[in-house]
Amino acid sequence: MAFSTDPAGSSGPESPARLQDAEHEANQLVQIRLNKTAALRARGVDPFGRRFERTNTARQIIQEYPASEQEQVKIAGRLMSQRVHGKASFADLRDSSGRIQVYARVDDLGTDAYQDFVDLDVGDIVGVTGRVFKSRRGEITVAATEVLLLTKSLRPLPEKWHGLRDVDLRYRQRYLDLLVNPEVRETFEKRSAIITAVRAFLNQRGFCEVETPVLQTLAGGGHARPFTTHHNALDMDLYLRIALELFHKRLIIGGFDKVYEIGRVFRNEGISTKHNPEFTMLELYQAFADYTDMMELVESMFSTVARQVLGTMVLNYQGKVIDLTPPWARMTMMEALDKYSGLGWDSLPDDDTSRRVAGSLGIDVSDKPTAGMVLDRIWSDLVEPHLVGPVFITDYPVEISPLAKRHDDNPKLTYRFEAFINGFEACNAFSELNDPLDQRQRFVEQTREKAKGNDEAHVFDDDYVLALEYGMPPTGGLGVGIDRLVMLLTNTASLRDVILFPVLRPK
RNA sequence: GGGCCAUUAGCUCAAUGGUAGAGCUUCCGACUCUUAAUCGGGAGGUUACAGGUUCGAGUCCUGUAUGGCCUACCA
């Protein structure tokens, strides 16, 4: 094997002595590789090489066969396994496109280069020059004429056919998870494709992608506890955003017709298979539209993205078949409540009555002081589990929708909907409240809620009301949890399967 | 926050309260078409951590750490 020469000689920054510190010293497997690395340096070979110009990826070569037969190729990737047969060897090379077999013979490489090839370790990153052929067993293979070590790997990879199972290690060392569990890579490639498809869909509809502040003096636009941080120069506390909403509507006031943002939001709450403290939210706002336009947009966007990424609008999610083909079913919140719990709007007129009614249904509401919170509990216990196929639930009560426009026919309700898929909320949308007087009053009510013990009630945002006073056109707005959309489209049960580096306690 | 479970070699996993084992990896040797290559021979352990019970603890008890599942929270 021809190695690139090391211009720095053997006095590189990571001399064996330095790497032997700490727990390196204890591990025999690492020590052997450190010794090999030192031996390479002693021969003037750089174990951490330079750029390598590839002509093909593994997948290209295999897809183009038999046209690629006998073709000279240069490929690069990580050595994933080695089968040494005396004076001839096979190895598997993995690059981002897939896996391809490499064949090395002493006759082709010469004695020294062949020995260097045999001395490689699983995990090493190499560049291979060779000729494409099909082995006797029928596998498309590159017969190496030159092998260049590009990066020496000092640690053994996880076991080759069980992969990495320990979930703790999978999240803490996601790079290993990605290397040895191919389906994990596929999930994250799909995530990227989904987000690309969402952007393309919105751009095509004339939406303008915007960026709004992550650091905010008030964490508004949602019901959640924020993370707090501090700005030193201004000597003031700032909050990480919990939603995108209020800044987007300021943009609509400023004359934008259609805006969207796909951004990280932060909520200082529990961690579970459906919750991560930071997650990705899509929000969009469209002037001169209302929530019915948002319904059409959601149906169209979800089904289009599914068709583009998966090739079908019919999903199989955790054993359930879910058909995203528009139009989706529609039901008011009261219709759904009546259908699945037998309760009507009149059953929950005030805080005390609501708590009594819930108690009689056997639902624990000891920590639910208000009628709105009781309704939510009944809703998630009795109704949500039934909402499997995509369904728009409309007309939410005004108390729990402080930024949504009031219903013309019933001032207790709003022009709001959530889409439910497989029992959980896939999006939240409404005709935006653009009456600054009503908005001010809603904030006042939220402040009262807060006083009653709901520490996730909205904060009063005077500056936002000021903006509304200049006039916001009638507007439809929508929020979508991107991570949950990805879960749905990749058939994964845990949010941690769609977030590359989920929050973990330090070990 | 509560309950249950898990933690043993680099990785995947075994081990009635009685000498800590296997496969993969790794090392040495053989082998010029293998693909979980094969064959022979080695090395590799503070059984997560700290205590306790016991003649004797990977195993039983207590606590701690990390993770998983359920539950709660997240309207």
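Here is the naming used below: chain letters follow the sequence lines, and residue numbers restart at 1 for every chain. What's counted below: heavy atoms across the whole structure, side chains too, no hydrogens, waters or symmetry copies.
Not counting sequence neighbours, the partners of Glu278(A) by the salt bridge (Lys or Arg N to Asp or Glu O under 4.0 Å) test are Arg264(A).
Comment: Glu432(A) engages Lys249(A) in a salt bridge, judged by a side-chain N to carboxylate O separation of less than 4.0 angstrom. Taking the charged nitrogens against the carboxylate oxygens, Glu71(A) and Arg131(A) have no contact shorter than 4.0 Å, which rules out a salt bridge.
For the strand RNA chain B, secondary-structure stems (runs of at least three Watson-Crick or G-U pairs, all distances below 3.5 Å) span B:1-7 with B:65-71, B:10-13 with B:21-24, B:26-30 with B:38-42, B:48-52 with B:60-64.
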### Message
Under the criterion side-chain hydrogen bond (donor to acceptor under 3.5 Å, both in side chains), I'd like the reasoning laid out for Gln31(A) against Asn35(A): C-alpha separation, chi angles, the key distance, then a yes or no.
### Response
CA-CA 6 Å; Gln31(A) 191 56 52; Asn35(A) 293 344; 3.1 Å; yes

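For U35(B), the base has no donor-acceptor partner in the side chain of Ser81(A) [N/O atoms by modelled type, under 3.5 angstrom]. A donor-acceptor contact under 3.5 angstrom links the side-chain atoms of Gln101(A) to the base of U34(B).
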## Note on the structure
Protein-proximity profile, nucleotides 1-13 of chain B, B/S/- by nucleotide at the 4.0 Å heavy-atom cutoff, equals ---------BBS-

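Ring orientation note: the planes of Phe460(A) and Phe443(A) are tilted relative to one another, at an angle of 30° to 60°. Below 30°, between 30° and 60°, or above 60°: for His386(A) and Tyr340(A) the angle between ring planes is below 30°, a parallel geometry. Phe417(A) and Tyr291(A) have tilted rings, their planes meeting at an angle from 30° to 60° on a 0 to 90° scale.
Minimum atom distance to the side chain of His85(A) is reached by U32(B), of the listed U35(B), G67(B), U32(B). Considering only the side chain of Val167(A), G67(B) comes nearest among U35(B), A43(B), G67(B). With distances taken from any side-chain atom of Gln28(A) to the nucleotides G67(B), C33(B), G42(B), the minimum falls on G42(B). Nearest to the side chain of Lys87(A), among U34(B), U32(B), A72(B), sits U32(B). Nearest nucleotide to the side chain of Ile32(A), out of C27(B), A72(B), U32(B): C27(B).
Rounded to a whole Å, the NZ atom of Lys134(A) is 16 Å from the P atom of U34(B).
Base engagement by Glu139(A) is indicated by at least one non-hydrogen atom pair under 4.0 Å involving a base atom.
As rounded to the nearest Å, C33(B) and U12(B) have C1' atoms that lie 30 Å from one another.
Under a cut-off of 6.0 angstrom, the local environment of NZ in Lys274(A) is sparse, with at most 12 non-hydrogen atoms contributed by other residues, nucleotides or ligands.
For the pair Asp395(A) and His407(A), the minimum side-chain heavy-atom distance is below 4.5 Å.
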